[in-house]
Every structure is written in C-alpha cells, then in structure tokens.
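In what follows, a structure is listed as structure tokens, so that the remarks can point back to it.
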Amino acid sequence: MDANQYIDEIIQDVLTKYPWQKEFNQAALEVLESMRLVIERYPKYAEHRILERLIVPDRVVVFRVPWQDDHGGYQVNRGFRVQFSNALGPYKGGLRLHPTVNLSVLKFLGFEQIFKNSLTGLALGGAKGGSDFDPKGKSDDEVMRFCQAFMNELFHYIGPDTDVPAGDIGVGVREIGYLLGQYKMLTRIYAGGVLTGKSIHWGGSLIRTEATGYGLVYFVDEMLRIRDDEIREKQVLVSGSGNVAQYAIDKVNHFGGIPISCSDSSGTVIDLDGIRGEKFDFLLDLKNVRRGRIAEYAERFRTATFYPGKRPWGLAPAKIALPCATQNELDLDDATALVENGCMCVAEGANMPTTPEAVAYLQGHGVLFGPGKASNAGGVATSGLEMSQNSLRLSWTREEVDEKLRGIMRSIHKRCRDAAEEFGTPDNYVNGANIAGFLRVAKAMDDQGLV
Ligand code: NDP
C-alpha cells in the first residue's frame, strides 16, 4: 500500500465530486493531508475504507422553514442538519443562523466536529445544522417564530440519545429557549438533554456560556506553559465580539494578558489600554442586550479607535492572536503582518478561521498554531458536561465545571502534542489534533463493522 498514492486518490475524488463545496473541501483536505502519516502505520484503515466512509455524512436533512414576520409577511428560509458520524456517541454539534449558511459550510463544520468531539474524550458523535436566516435586525418575536418553524421539522431527527444540537453563530440562550419550548410542545416530553446551551435557570450548565472562550485561553496557557512562557502582560488581538470572543477576552484578563481588540462584520476596535473592567461590561451589554454595532465601543471610550471594514491582524502589534469570528478571516497577508509584528502564538476560537496558506506561513515562521478543532473544543466538552448533569438530574457548581473544563483542555493539548510527536511532527498541533481525533473514531468504526 502506497499511503501517499492512496490519499492522493481520495483527495482527487473529493475535489471532483464536490467542486462547489469549497469550505468542506478545505476542511477535508487538511485532515486528509495529516492522514498520510496514519495510513503508512495502519494500512488496515485503508483496507477497511475508514476515510472514504468518514468523508460521507451518515445523512443530510434539508428542509423548508416558513415563518411570518412582524408585518404579517410570509418568509421562507432553508433549514439543514448534517448528521456526520455517530461512531462515538449521539450526533452533537451546533446550529448556525447566518445568511452565509449553505451545505458546504455545514458539511465542513460537521466534519470538523467529528474530530473535535473525539478529542474531548467524551462519547459524542459529530453533526452541525442551521439556516440561512439572518437574526440581525429581527425582533424577539420574529426570532421566536423562526425558531418554532425550524423545530417543526428538526424535531423528527433529534433526541437526547440521537442527536443533541447546541448554539453557534446567531444561536445563543434566547434561541435555544425558543427551540426547546417548541420541541416540548411537539413531543410532549420535557427532554432537557435534547439541546445544550440552555439557560442556567432551567437545565443549562454553569460555565457553558463561557466555555469556548475560556477553553481557548486554557489551551493557549498550556501551549505557553510547557515552553516556560505565559500569557501575563502579553498583548492579545481578538476578532469577533460574540460569545467566543467575549469570554476569550474575559479569560485573557484573568491570566493578566492585555486584550486589545474586538470586531464585528462592520470593522475592528483597537483599545491599546485593554478591554477590561467597565469596558468589558459595556461590550457584553452592547452585544448581548442591546445587540448593537461594535463602533459604539469607540464612541463611548476615548482609549479606543474604530477601523471600519478592517480585520484586527495588521492594526497593532501583539504576541498572541485569537481569531474568534468566522471561517477564513485570517489570510496570508494577515499572517505576514502578524509575523512582522512579532506574534508568537495563534489559536483558533472560531472554526477554520485561518486559511491553509496562512497556517503554513505561520508554522513555517515558528509561530505556535492551535487549530480550532482542539483549541475551541471547550464549548462542546462543556455541552457534554451539561448532558451528564441533565441525565443525573443535578447541577455542578461553577468551580466544579470550570475545573473539569480546564482538565479537559489540558488533556486535549496533551493528546495533540503526544500524537504529533509520535508521528514524527513535533509541535505540529494540526497533525496532532487530526491524528489523535481520527484514531479514536477509526477504532470505534472498525469495531462496529462495515456500516
Ligand atoms: P456569535 O454569533 O456569538 O458571534 C459571531 C461574531 O463573529 C460576531 O462578532 C459577528 O459579527 C462575527 N462574524 C460572524 N460572521 C462574520 C463574517 N462573515 N464576517 C465578519 N464577522 C463575522 O458566534 P460565536 O461566538 O458563538 O461563534 C464564533 C465562532 O466560534 C464560529 O466560527 C463558531 O463556529 C465558533 N465556535 C463557537 C462555539 C460556541 O460555543 N459558541 C464553539 C466552538 C466554535 P456580526 O454580529 O457583525 O455578524
């Protein structure tokens, strides 16, 4: 078996079959490149066609979501659920509401989720879903009617032991509440464990809201600590100003670092004085309560400047960069600017925010690079903890959940590092995450036979 030739053939097949699914192809190719090392050592996974089976989802559900706006107008969106793999446990992965949502984006996210969930060590399969509905500018009532219409179809395919969706871009505690309410009405069952990211007042887990951002910074802390370095007093560029960005900023402050930026789709705010204290509280209120635009931060605080239409990466020097907004938001030019400005660590809070050329450039210039499927896995790991608490019908304290989250991020970091080293590419967290994530899923698939 020539491992390289075998992988080349699969890559060719993916590119020919789905030429229009650019995001999915990007995610699949990254994993397949790392698999060259694995197939050489485990040719039986090629004989048993594990990779060919893994790149095709178990199933994809596409449906119509009809809902009524506040003026009585009829609206229609597309709804999706991609159930990728349940080799390790029930399908698990978030729901995204954003106008850019399409099958390619959700297949890439669902595929990544398989490896991410495997890395957590928990019994979770991989999935993703959502809709091209744009929540921006919609009233609470419109969001509620949309969520109810979305659940009218989705409820057929999910359940606490089948498929457990959570939040993602555009889906937070408000949307999860409306979705669970409708699920309850349709099934007449109070199955709290069917969705995670619930309000802490009725079945949610403490720290779930903070988990992805906190977990990301715990991962960075591990990357630096084993190299006798630390976050303290380092300037940190963060993109986005949603759930992940907010709590990454919060945790950077806890570690004594200086978060100097945040952004949204209209531009970037740079605040060299650090986003902390009263300014951090303002950010939370602006984005979570008033649902306003990030420029308001710079209007309110004199220490800050707003750069319309810009991304953070070239705007100020920083040792650490945390892309926390969306896919492909950090490209080769951005990577070059980061390196020129002395950046030594990039860790992904968002899913696949760094383009392949940018990843190669950063790694080639000695920048530590934490791929999202490892560094942002704290969210789904805490969703796993929420599911456990729902099953046990009890609630762990904030400290208990935070302690478990930190332990899980440490284990994920170690799994990635050990696998990277074992397969001859030390310090390459991309290979480490792909290989460690894959090996656990591949073993399960092999044990479960040809299905
Ligand atoms: P939110 O909806 O809370 O925030 C998203 C942020 O990213 C907003 O600031 C938004 O700005 C910005 N953004 C979204 N799309 C674009 C775009 N096309 N161009 C520029 N900016 C954009 O989402 P989350 O914080 O939950 O998710 C952010 C990322 O983290 C996503 O990649 C998600 O998949 C990933 N992730 C999330 C997890 C979670 O637990 N929530 C878990 C693991 C990963 P604007 O409001 O202007 O659109």
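For ligands, and for the atoms within them, numbers begin at 1 and follow the listed sequence. Side-chain atoms are counted along with the backbone in the values below, which use heavy atoms only and exclude waters and symmetry mates. When a residue number appears, it is its place in the shown sequence, counting from 1.
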SB check Arg417 Glu222 (cutoff 4.0 Å): no

Exercise: identify the closest heavy-atom pair between Asn341 and Gly314: ND2-O, 4.3 Å

Shortest non-hydrogen contact between Arg78 and Ser131, atoms and distance: O-OG, 2.8 Å

Close approach, Asn351 and ligand 1, non-hydrogen under 4.0 angstrom: yes

Arg96, portion touching ligand 1 at heavy-atom distance under 4.0 Å: side chain

Distance from atom 33 (C) of ligand 1 to nearest protein heavy atom, with residue and atom: Asp168 OD1, 3.1 Å

Any protein heavy atom nearer than 4.0 Å to atom 42 (C) of ligand 1: yes

Proximity flag Arg311 to ligand 1, non-hydrogen atoms under 4.0 Å: no

Atom indices of ligand 1, in the order listed, that fall short of 4.0 Å to a heavy atom of Gly240: 9 (O)

Side-chain ion pair, Glu210 and Arg398, N-O less than 4.0 Å: yes

Closest heavy-atom pair and its distance - Ala350, Ala325: CB-N, 3.7 Å

Contact atoms of ligand 1, heavy-atom distance to Cys324 under 4.0 Å: 28 (C), 29 (C)

Per atom 37 (C) of ligand 1, closest listed option by heavy atom (Asn376, Ile294, Val244): Val244

Donor-acceptor under 3.5 Å (Gln389 side chain, Leu385 main chain): yes

Non-hydrogen atom of Arg291 closer than 4.0 Å to ligand 1: no

Heavy atom of the protein closest to atom 4 (O) of ligand 1 (residue, atom name, distance): Gly242 CA, 3.3 Å

Taking atom 29 (C) of ligand 1 as the reference point, the nearest protein heavy atom with its distance: Ala325 O, 3.2 Å

Lys/Arg N to Asp/Glu carboxylate O, Arg410 vs Asp221, below 4.0 Å: no

Protein contact to atom 48 (O) of ligand 1 [nearest heavy atom, distance to 0.1 Å]: Lys136 NZ, 3.0 Å

Top protein contact for atom 17 (C) of ligand 1, by heavy-atom distance: Thr326 CG2, 3.5 Å

Atom NZ of Lys138: over 12 foreign heavy atoms under 6.0 Å: yes

contact_flag His98 ligand 1 heavy-atom lt 4.0 Å: yes

Backbone or side-chain N or O of Ser241 under 3.5 Å from ligand 1 N or O: yes

Heteroatom proximity flag, Lys287 to ligand 1, N/O under 3.5 Å: no

Heavy-atom nearest neighbour in the protein, as seen from atom 27 (O) of ligand 1, with distance rounded to 0.1 Å: Ile169 CG1, 3.6 Å

Proximity flag Ser263 to ligand 1, non-hydrogen atoms under 4.0 Å: yes

Lys/Arg N to Asp/Glu carboxylate O, Arg227 vs Asp427, below 4.0 Å: yes

Any side-chain donor near an acceptor of the partner, Thr268 and Arg311, under 3.5 Å: no

Residue-ligand contact Glu329/ligand 1, heavy atom below 4.0 Å: no

Which segment of Thr212 sits under 4.0 Å of ligand 1 when only heavy atoms are counted: side chain

Structural part of Arg293 in contact with ligand 1, heavy atom criterion under 4.0 angstrom: side chain

Within-cut-off N or O pair, Asn243 and ligand 1, under 3.5 Å: yes

Heavy atoms from other residues, nucleotides or ligands near NZ of Lys319 exceed 12 (cutoff 6.0 Å): no

Residues, nucleotides or ligands: over 12 heavy atoms within 6.0 Å of Glu230 CD: yes

Gly170 N/O under 3.5 Å from ligand 1 N/O: yes

Per-atom contacts, ligand 1 versus Arg208 - under 4.0 Å to a heavy atom: 40 (O)

Cation-pi check, Arg406 onto Tyr214 ring (under 6.0 Å, within 45° of axis): no

Distance-only side-chain donor-acceptor flag, Thr355 / Asn328, under 3.5 Å: no

Heteroatom proximity flag, Ser265 to ligand 1, N/O under 3.5 Å: yes

Under 3.5 Å donor-acceptor, Lys279 side chain and Gly274 backbone: yes

